Amino acid sequence: MNNKTDLIEYLLRLGDSALIQGQRLCQWCGKAPALEEELALMNVGLDLVGQARNWLEYAAELLDDGRDADDLAFRRDERAYRNLLLVEQPNGDYAVTILKQFLYDAWHLQVLSGLSQSSDERIAGIAAKAVKEVTYHLRRSGEWVERLGDGTDESHQRMLAAIPEVWRFTVELTSADDSEQRLCNAGITPDVAHVATAWQAKVSEIFASASLPVPPAPSYFYLNARRGLHSEHLGILLAEMQALTRAYPDATW
Amino acid sequence: MQPGELIASDQGARPAQPTDLAAAWATLAQVMDPEVPVVSVVDLGIVRDLDWQAGHLHVVVTPTYSGCPATEVIESDIRDALELAGFKAPQLERKLTPAWTTDWITDSGRERLRAYGIAPPDGSTSKRSLLGESPVIACPQCGSAHTEVLSEFGSTACKALYRCCDCREPFDYFKCI
């Protein structure tokens, strides 16, 4: 694999993760538990979808096969998506939604901070913009983890129940494959060990003030989103997300 | 078309010249943000640069937030305004670096935001606001500093929702970024 293929895979991973997380957040639209949270969820989702567009536009240019960012977002099949397994998990109750968001945000911020120093100018530009938005995302999700974890008996129980729903998927956040290692050696992406350490520190810090136990670090998981092997939830999400585009393939906005 | 305007008009008939850059800036100073129609795209620092390239006006714009839904509308408004002013087929370049920051909002832009009822971004983008300290914001209605934040995300991604504890009115705060 040459560097360009590695780069495309990495851009898809960033873009798809933001896109799928944005789609999950949309699913709360009209049903969020509080008005202020409704606004927050939709705004965070909008930021993520906007970032996804930036990543997918760059990926489409590198692929150079006639597809644009919309084609990549709405016309690929499940096996072609490279998003993190974490973000495709269902929203569950609000505890699961918040926990998922926090774990993703903590990783996302570290990755974007590292990418702001990328030797690839385009990546550095997109990341430098996104990192400011994601700083606000992490602040909000971290505060909510604290509020729910250290809240009432019920909110604390729900947070405890939420952890095993998502924890095993976090193994992807703290590991890299050969392709990503090559990009790191070329100065394009940040060092995964550094991202992992910072992520673990943030999670420990917030969990401590939320009175939540940090589970042992997850080890091998049999699915591999880097090779398009997703959980059963992605297919269902894509069916809904792509229904309109596939029903009217020639539609223009 | 505005009421009273002549149907036949020579507006746009005289092609603009390279010496008309000042006129281009003046034109863009009249292109308002679609969401907050009291500040122009120049006030907001969205238009970064204007110059002539190969006989066409070249406009460098920068999107505010990654997911701002008004980005395309703003670009199309810029294009329309320039065409109407005689600048044929302006070339718009969307530049991501350096990233847009509220530091680029002009003082007059901030005043117009305040008059409209939106508290302008607090000073410059010191890391403080991004690292977890909610700034103390004066109420744009009554001026009181006795305000509290209700949500970090308001009616749009760029604004937070505050409430004045004195006059009891809620208001939007344009977040520092």
Side-chain angles (χ1 to χ4, degrees), chain A residues 14-15 18-19 21-22 25-26 32 34-58 108-109 112-113 116 118 120-144 146 205-206 209 253, chain B residues 35 45-46 48 60-76 93-104 121 124-135 148-163 170-177:
Chain A
L14 289 173
L19 178 68
Q21 181 60 8
L25 289 172
C26 280
L35 188 58
E36 291 82 2
E37 276 305 288
E38 174 96 19
L39 296 176
L41 291 166
M42 295 312 122
N43 278 321
V44 170
L46 186 62
D47 280 347
L48 290 175
V49 170
Q51 291 168 19
R53 178 173 67 172
N54 286 337
W55 297 123
L56 293 182
E57 272 176 354
Y58 189 18
H108 204 197
L109 183 66
L112 289 173
S113 303
S116 308
S118 175
D120 180 310
E121 262 184 38
R122 177 97 170 250
I123 288 183
I126 298 173
K129 187 165 197 54
V131 75
K132 299 196 280 184
E133 295 155 7
V134 173
T135 303
Y136 276 116
H137 299 176
L138 177 60
R139 187 180 147 189
R140 174 191 156 262
S141 59
E143 282 175 0
W144 268 104
E146 288 174 336
E205 176 205 331
I206 297 292
S209 56
W253 292 102
Chain B
E35 173 71 18
I46 290 174
R48 302 306 306 149
V60 179
V61 292
T62 182
T64 52
Y65 276 65
S66 299
C68 175
T71 308
E72 277 86 0
V73 173
I74 288 173
E75 287 172 5
S76 135
E93 179 198 335
R94 200 187 282 179
K95 197 158 174 266
L96 280 179
T97 317
W100 182 80
T101 162
T102 47
D103 289 354
W104 293 345
S124 77
T125 48
S126 56
K127 284 294 183 188
R128 297 162 66 93
S129 57
L130 286 176
L131 283 178
E133 295 183 27
S134 285
E148 60 184 1
V149 59
L150 291 178
S151 171
E152 288 296 339
F153 295 88
S155 51
T156 60
C158 51
K159 308 204 281 278
L161 189 61
Y162 272 68
R163 168 169 62 191
F171 61 91
D172 274 328
Y173 165 61
F174 208 114
K175 288 188 293 198
C176 260
I177 199 167

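No experiment lies behind these values; they were computed from the predicted model shown. Every chain is numbered from 1 and lettered A, B, ... according to where its sequence line falls, protein lines coming before strand lines.
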Taking only residues two or more places apart in sequence, or in another chain, which ones meet A:E37 in a side-chain hydrogen bond (donor to acceptor under 3.5 Å, both in side chains)? A:Y94, A:R140, A:W144
For the residue pair A:K132 and B:T101, what are the closest heavy atoms and their distance? NZ-CB, 3.8 Å
A:R53 with B:E72: basic N within carboxylate O range, under 4.0 Å: yes
Strictly by salt bridge (charged side-chain N to carboxylate O under 4.0 Å, His left out), give each pair with a member in residues 38-48 of chain A just once, sequence neighbours left out. none
Given a strict heavy-atom distance threshold of 4.5 Å, which part of A:L35 is in contact with chain B: side chain, backbone, both, or neither? neither
Which atoms of B:P98 approach chain A - backbone, side chain, both or neither, heavy atom under 4.5 Å: neither
For the pair B:K175 (side chain) and A:Y136 (backbone), establish whether a donor and an acceptor sit closer than 3.5 Å, ignoring hydrogens and angles. no
By the definition side chain to side chain contact (heavy atoms under 4.5 Å, CB included), identify the one residue from A:L46, A:V49, A:N54, A:L48 that meets it with B:S66. A:N54
So which atom in B:L96 and which in A:K129 form the shortest heavy-atom distance, rounded to 0.1 Å? CD2-CD, 3.8 Å
Which atom pair, heavy atoms only, marks the closest approach of A:E133 to B:Y65? OE2-CA, 3.4 Å
What's the shortest heavy-atom distance between A:L39 and B:F153, and which atoms? CB-O, 3.7 Å
